[in-house]
Amino acid sequence: MKKRLHVLMILVLCLVIFASPTGSAKATGFSDVSSFKKEIDYLTQLGVINGYNDGTFRPSVKLTRAQAVVMIMRAIGMPESNSFIKDPGFDDVGPSKFGYREIAVATSAMIISGKSSTQFDPNGNITRAEMAKVISKAFKLKGVYVSGFTDVSTGYWASSFISSLAANNITVGYSDGTFQPKQPIDRAQFSAFLARIMKPIFRPSTGSPAHTVLDIPVESSIIDLEKDPHKPVVYYLDSKSKSLVRLDLATRDKKVIGLRHPAEKLVEKNGKLFVTQLIQSRSPFNSMKTQKGIINVYDSDDLALIKEVDVNIDPYDIAVDDTETLLISSGSDQGYQAEIQTYNWRTSEKLSFVNVPTQQLIELSPAQNRLYSIETSHYTGRIVTFSLAGGKLESAPTDPRYFDTMKLRGYTQMTPGGKVMYNGDGTAYALSTVPSEDLAPLGKLATPFRTMTFNEAAKKFYLADRTESISVYDNDTLDPYATLNAYGRVDRLVYVKELGELYAFTKFKYEGAKEETLLLERFQLRK
């Protein structure tokens, strides 16, 4: 869903439409506001709406059809030239009347209709159903609110618009399960709708599972993220601020520390965080003899630095076994002269190495005895298996496999039990210590993905591919059976078993904004 919104345009317009009769305004804390207080306070602080001299907001004052159309159309953008505006043909809306241009464009775009072919009724009250149509069409809202409303039949002319409004959590209707589509909309209700489009954190939970945006500022350029295996905590790296972040999703506590060098990957193991540090530029001409890097080891609770580990490799991907042996693939060199190296981080001793192509993704089995190296640069893609014992890597026998994709996607995920490995192109492979069974193809998912997370108790997994859609899959059949809709494009998914909740880090961009905002969206899956 694209949010076609420009705050400055709304600001100019709303100061005209919502101005008090005396032209004065009150910043916040209106004496007559109880419902939608946060939304109204937010818009008032922006200067978008005003109160009256007597300290009231007068939330029950109704909006006219002309006022509503003017606000919506100027919010999404009007043509600069009048040459593109066609006379709508309404006898009660002439070129000199308030809202003529906006009404002309809105009716031409079929965002709103007149009461008849010759009458628009600009001073009449706009109903909740009419507002649902205007907002849904203007902001191109999509989605179906399965629960529905008791007073909105599927055959009602505004049913699809009301449904899309509710599906995007712009409205929840009334407590008795009704929407009251024929009721005029007032200042408070419209303020709530507008604030919820402008800032998704104001959108209330609707449907099942309940879906909300958390009021937690999130760094904008997450490059790696990992959940703590025993706590409702996530750790992530932000490339823009060059920082390591610890976020407790239960308490909302957040700790951020700066990093001296660029980082790309992190792993949590035994209460410690292992973070790659790049100290030289990547190059195909950096041979293994000239490579170097650092692995920072932090306490996972307070992010206190335990040690900087010097390694003779340009770190690309990292894994850590239960004994805290470091396994690191190289991000430089070319051909098969690059390596995966293992280290004892306490002594900085290099324990072993194997030759592989550069920039390998690596996945360590839960049994800690096998390492899978995924090559994404070869025209057919390759997965190579190594055994791990005593901190040392050796080639492991595996039957030759032809992978059914021209290029394995640069994302891979192993199931928590270590029985299946998924690649971002959607392919699934069985994992086994038996050479003839290891990496046997299991099939292909219906969708490719760039993020995946597992709900073991419910035998489900969730994946997304940088769109607003989150696909829910059955763990046994590998078939999709449901879709969750986020507000922004999904960047990362994390299932938090301790809370029974799915979290989506999503990228959300307003019309005219230079950069995307990162939202933290929550789906409460536990009933």
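The first residue of the sequence shown is numbered 1, and numbering continues consecutively from there.
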Exercise for review: Report the C-alpha distance between Tyr42 and Phe202 in whole Å, list the side-chain angles of each, state the deciding distance to 0.1 Å, and finish with yes or no for ring-ring contact (aromatic ring centres under 6.0 Å, His included).
Suggested key: CA-CA 10 Å; Tyr42 169 71; Phe202 291 124; 5.0 Å; yes

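- Judged by a 6.0 Å distance limit and a 45° cone about the ring axis, Arg489 is not positioned over the six-membered ring of Phe508.
- Heavy-atom neighbours of Arg346 CZ from other residues, nucleotides or ligands within 6.0 Å: above the threshold of 12.
- Phe449 and Tyr411 have their aromatic ring centers within a separation under 6.0 angstrom.
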Practice item. Start with the C-alpha gap between Leu388 and Asn369, add the side-chain angles, then the distance that decides, and say whether side-chain contact (heavy atoms from CB on, under 4.5 Å) holds. Key: CA-CA 5 Å; Leu388 177 66; Asn369 58 359; 5.7 Å; no

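- When side chains are defined from C-beta on, Asp491 does not count as touching Thr506, because their heavy atoms never get closer than 4.5 Å.
- Taking all atoms of both residues into account, the shortest heavy-atom contact from Ala263 to Thr276 is CB-O, 3.1 Å.
- Nearest heavy-atom pair, Thr398 versus Arg370, reported as atom, atom and distance to 0.1 Å: OG1-NH2, 3.8 Å.
- Among His261, Arg260, Gln277, the one residue that satisfies the side-chain hydrogen bond (donor to acceptor under 3.5 Å, both in side chains) test with Glu308 is Arg260.
- When ring centroids are compared, Phe461 and Phe454 come within the 6.0 Å threshold.
- The number of heavy atoms from other shown groups lying within 6.0 Å of OH (Tyr481) is above 12.
- Listed here is the closest heavy atom pair of Thr412 and Tyr422: OG1-O, 3.1 Å.
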Can you give each donor-acceptor pair under 3.5 Å made by side-chain atoms of residues 347-354, sequence neighbours left out, with the distance rounded to 0.1 Å?
residue	atom	partner	partner atom	Å
Thr347	OG1	Glu349	N	3.3
Ser352	OG	Thr342	OG1	2.7
Ser352	OG	Leu393	N	3.0

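- Counting all heavy atoms, side chain and backbone alike, Glu226 lies closest to Val267 at OE1-CA, 3.6 Å.
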Exercise for review: Kindly determine whether Glu498 and Lys227 satisfy salt bridge (charged side-chain N to carboxylate O under 4.0 Å, His left out), including the steps that lead there.
Suggested key: CA-CA 11 Å; Glu498 295 85 0; Lys227 182 194 171 294; 3.2 Å; yes

